[in-house]
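Below is one structure, written out as structure tokens, with a few remarks after it.
Chain A is the first sequence line, chain B the second, and so forth, proteins listed ahead of strands; every chain is numbered from 1. Since this is a predicted model, take the numbers as computed values, not measurements.
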Number of protein chains: 2
Amino acid sequence: MNSYEQLLREHKIKVTPQRLSIVEELYGCVHMGIDELYMAIKKKFPSVSLATVYKNINTMLDNDFIQEIKIPNEKSKYELTKEAHSHVVCQECGKVEDIMLDLYSLSQKAENLTHYQIKEEALVFSGICPNCKAS
Amino acid sequence: MNSYEQLLREHKIKVTPQRLSIVEELYGCVHMGIDELYMAIKKKFPSVSLATVYKNINTMLDNDFIQEIKIPNEKSKYELTKEAHSHVVCQECGKVEDIMLDLYSLSQKAENLTHYQIKEEALVFSGICPNCKAS
DNA sequence: TTAAATGCAAAAAATTTGCAGACGT
DNA sequence: ACGTCTGCAAATTTTTTGCATTTAA
């Protein structure tokens, strides 16, 4: 049993070839949108249906196996769930990168200012990546 | 000429009753989704069409008159453009509040870590608002 | 007067659902 | 064997577009 299977089982998600393809695609800090994912999977798995991708994305979201990243002015992308982190997205090419930042004190400030009980934070920086800066 | 008209003109947006309704609804740190907005406007303006609301939202986004707020697990809401700020959203009732936080040093860190040139930041805290905590 | 906005209906895009057959456990 | 997943098609939902008419400047 390979590690992708293991990952799925740990989240109580039944292992199917289609689901394994999704994990393969997203493994290793990869961020993809539904269409990207669909087309990528279709290459190795031509019979896959878009509906199946949607269903599996929803299952995986429900089981906290993947996360949706909502990006200003762009469509959402998805990633495998890992420790909380923030994102940097390139406004030119759309590339997304993970970034570890300590948001604790900000979160504290937010609680003090609003009296909400803060449970999570979503932080997305937008800018220009080194590649796009060069060209 | 009232202040809503003025606001629109400052952003080079032609003044129409439908657009004035949108401004009235959003004025004063109000955050609303498309449907909410549509239904609110329909009350004072029964003939308004959903297509018009979409078109106007898009025009206003293009002209930087309003901003879209992408919220985890929820539909987007819109607000009048003002100085950069962050948001706190209640996971129970969906209420959104503005919050001023200094993200400068975080943004610097993000630049140092990723070598992106950061242009903007979107920060949304999710939690439970004081009202919902009480009940 | 002229370009742009409106409302409607239709079209397109995005997402979900129902179901028969296939598959995982 | 049982319940779940898949693929397909159809149904919804969301958003955009085309066009005739009205309206703002």
Separation of atom [atom1] in [X] from atom [atom2] in [N], rounded to whole Å:
{"X": "B/Leu50", "N": "C/dC8", "atom1": "CG", "atom2": "P", "answer": "11 Å"}
{"X": "A/Gln6", "N": "C/dG24", "atom1": "CD", "atom2": "P", "answer": "18 Å"}
{"X": "B/Phe45", "N": "C/dA5", "atom1": "CZ", "atom2": "C1'", "answer": "11 Å"}
{"X": "A/Tyr38", "N": "C/dT16", "atom1": "OH", "atom2": "P", "answer": "16 Å"}

By the side-chain hydrogen bond (donor to acceptor under 3.5 Å, both in side chains) test, which pairs, at least two apart or in different chains, include something from residues 57-69 of chain B?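 Residue pairs passing side-chain hydrogen bond (donor to acceptor under 3.5 Å, both in side chains), neighbours aside: B/Gln67-B/Thr81, B/Glu68-B/Ser76.
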Where each residue is assigned the nucleotide of DNA chain C containing its nearest heavy atom, which of B/Val48 and B/Lys14 is assigned the position nearer the 5′ end?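 Counting from the 5' end, the first nearest nucleotide belongs to B/Lys14.
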Is the phosphate of C/dG7 approached by B/Thr52 (side-chain N or O, under 4.0 Å from OP1 or OP2)?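 Answer is yes, contact under 4.0 Å.
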B/Thr52 and B/Gln18 side chains, donor-acceptor separation under 3.5 Å: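 Looking only at side-chain atoms, B/Thr52 and B/Gln18 do not form any donor-acceptor pair under 3.5 Å.
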With B/Phe65, which of B/Ile22, B/Leu80, B/Ile57 fulfils side-chain contact (heavy atoms from CB on, under 4.5 Å)?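 The residue from B/Ile22, B/Leu80, B/Ile57 that satisfies side-chain contact (heavy atoms from CB on, under 4.5 Å) with B/Phe65 turns out to be B/Leu80.
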Give me the first and last nucleotide of DNA chain D, going 5' to 3', that has any atom under 4.0 Å from a heavy atom of chain B.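 Span of nucleotides near chain B: D/dT14 to D/dA25.
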Strand contacts (DNA chain D) in residues 56-81 of chain B, 4.0 angstrom heavy-atom criterion: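 Within residues 56-81 of chain B, the residues near DNA chain D are B/Asn58, B/Lys75.
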Record whether the side chain of A/Lys55 comes under 3.5 Å of the base of C/dG18 through a donor-acceptor pair of N or O atoms.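 Yes, a donor-acceptor pair under 3.5 Å.
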